[in-house]
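This report refers to the structure that appears directly beneath it.
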Amino acid sequence: MSAIILHHCHQARSVRSLWLLYELDVPFTLVMHDFGKELRSEAYLSKHPLGRVPCLEIDGRVLFETGAITEYLCEIFDSTLGRRSGDPERREWLQWLHYAETVAVHGASLTQQHIVIYEDKDRSQMVMKLESRRLEKTLEVLNDHLEGREFLLRDFSAVDISVGYSVFVAQHFVKIGKFKNLTAWMSRLHKREGFVKSLIPNGKSAIYQDKFYGNQA
Ligand SMILES: N[C@@H](CCC(=O)N[C@@H](CS)C(=O)NCC(=O)O)C(=O)O
C-alpha cells in the first residue's frame, strides 16, 4: 500500500474522509487548504478537476467523491465500519451512505446563500426558505429512523460518519433540538475521538462560524 494523502478544508465534506481515516487508524498525510482560491490553483486542479475537497491520493492515484472514498477505504482495509456484499446490512449501508449527500446538498445550498454570497441583495429568500424546509425534512427522516437505535445500523459504522458530518452542517441552518433521537445520536458521535480530531481547525479558517436560523419558516 502506497502512502495516503488527504486534501482537506476545515469543516468541509472532507471531514468525513478525515474522520474515517482516524477511525481506521491508518497512517496518512493531511494537506490542509483554505476554502477558496487555493482550491483553484493549477496544482490542485490537476488532482481534482473541479477544485473541491475531499481528494484522496492513494495507490499513486487520485480518488474524489466522499462516497467513493468511504467505500474504497472500508473495502481495502476490510473494516467493520463498512458492510461487505452479503452482509444483511449492505443495502441499508449503501442507502445511508448516499443519503448523506441528500442531506448535504441542502446544507451546501444554504452555505452558498448565507456564507458564499456576501451581499444581501444577491441572496434569495425563497431559496433559503425552501432549502431550510427540505433540509429539515431530511432530518425528520433520520430522527424517525433513530427511534430506539444508538446508530444508523446495528453498531457504529462509516455511514454514521457520512451522515453525521451532514447533520453537523445542517445544524447551522436548522434548529435540531426538537429532534430528540437525532440530537442524542449527535451527542454520541461527538464523543468519538475521530470526530473531535477531524474538527480541529489546524490553522485554517472555519466555514461555519455562525448559526443561520433566520430564514426558517
Ligand atoms: N459530492 C462531492 C462534493 C464535494 C464538494 O462539493 N466539496 C465542497 C466542500 S463541502 C468543495 O470543495 N467546495 C469548494 C468549491 O466548490 O469551490 C463529495 O461528496 O465529495
Side-chain angles (χ1 to χ4, degrees), residues 4-24 28 30-58 61-75 81-82 93-118 122-123 127 131-132 134-135 138-139 142 152 157-174 189 195 198-212:
I4 297 177
I5 301 170
L6 175 68
H7 295 268
H8 171 51
C9 288
H10 181 43
Q11 296 186 334
R13 277 183 182 84
S14 42
V15 163
R16 290 174 181 153
S17 315
L18 182 57
W19 179 4
L20 180 60
L21 285 166
Y22 285 136
E23 295 278 355
L24 292 170
F28 65 97
L30 182 63
V31 179
M32 294 290 299
H33 298 273
D34 262 322
F35 190 72
K37 284 194 187 127
E38 203 183 314
L39 295 176
R40 297 293 183 273
S41 72
E42 225 172 277
Y44 190 67
L45 285 172
S46 72
K47 297 182 194 300
H48 192 313
L50 294 177
R52 299 193 188 187
V53 287
C55 175
L56 191 79
E57 297 186 54
I58 188 163
R61 307 188 63 167
V62 163
L63 179 63
F64 50 82
E65 287 295 329
T66 47
I69 292 171
T70 300
E71 270 201 73
Y72 191 66
L73 288 176
C74 287
E75 210 173 284
L81 297 174
W93 188 85
L94 286 170
Q95 173 189 286
W96 294 120
L97 180 69
H98 295 280
Y99 192 81
E101 271 303 278
T102 295
V103 181
V105 291
H106 300 304
S109 172
L110 287 161
T111 302
Q112 192 170 60
Q113 288 293 322
H114 288 279
I115 300 169
V116 178
I117 298 174
Y118 288 119
D122 296 327
R123 297 184 171 126
V127 170
E131 290 292 346
S132 300
R134 284 163 67 81
L135 178 58
T138 66
L139 302 182
L142 287 169
L152 291 172
S157 74
V159 294
D160 293 295
I161 294 176
S162 301
V163 180
Y165 165 74
S166 302
V167 176
F168 162 78
V169 172
Q171 67 195 356
H172 293 86
F173 304 108
V174 169
L189 297 188
F195 193 20
S198 68
L199 290 174
I200 293 173
N202 207 344
K204 299 289 180 183
S205 58
I207 304 171
Y208 304 102
Q209 306 191 28
D210 288 309
K211 299 258 187 239
F212 304 93

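FYI, the numbering just counts along the sequence from 1. Indexing begins at 1, ligand by ligand and atom by atom, following the structure's order.
Counting the atoms of ligand 1 from 1 in the order shown, those under 4.0 Å from a heavy atom of Pro54 are 20 (O). Of all the atoms in ligand 1, the ones that sit under 4.0 Å from a non-hydrogen atom of Arg40 are 15 (C), 16 (O), 17 (O). Interface of Val53 with ligand 1, defined as ligand atoms under 4.0 Å from a residue heavy atom, comprises 4 (C), 5 (C), 7 (N), 8 (C), 9 (C), 11 (C), 12 (O). If you number the atoms of ligand 1 from 1 as listed, the ones under 4.0 Å from a heavy atom of Glu101 come out as 1 (N), 19 (O).
Partner Glu131 forms a side-chain contact (heavy atoms from CB on, under 4.5 Å) with one of Thr111, Leu110, Val174 and no other, that one being Leu110. Exactly one residue among Ile161, Leu189, Leu18, Asp160 makes a side-chain contact (heavy atoms from CB on, under 4.5 Å) with Phe195. That residue is Leu189.
Classification of the Phe168-Tyr208 ring pair by plane angle, with boundaries at 30° and 60°, yields perpendicular. In this structure, Tyr99 and Trp96 have perpendicular ring planes: the angle between them is above 60°, well past the 30° mark.
Between the side chain of Arg16 and the main chain of Thr70, no donor-acceptor pair closer than 3.5 Å is present.
Thr66 N, 3.0 Å is the protein heavy atom nearest to atom 20 (O) of ligand 1. In this structure, the protein non-hydrogen atom closest to atom 5 (C) of ligand 1 is Arg13 NH1, 3.4 Å. For atom 1 (N) of ligand 1, the closest heavy atom belonging to the protein is Glu65 OE1, 2.8 Å.
At least one heavy atom of Phe35 sits closer than 4.0 Å to an atom of ligand 1.
Closest non-hydrogen pair, Ala104 versus Ser166, comes out as CB-OG, 3.8 Å.
Around the CZ atom of Arg123, the shell of radius 6.0 Å holds more than 12 heavy atoms that belong to other residues, nucleotides or ligands.
Looking at ligand 1, you won't find any N or O of Tyr165 less than 3.5 Å from one of its N or O atoms.
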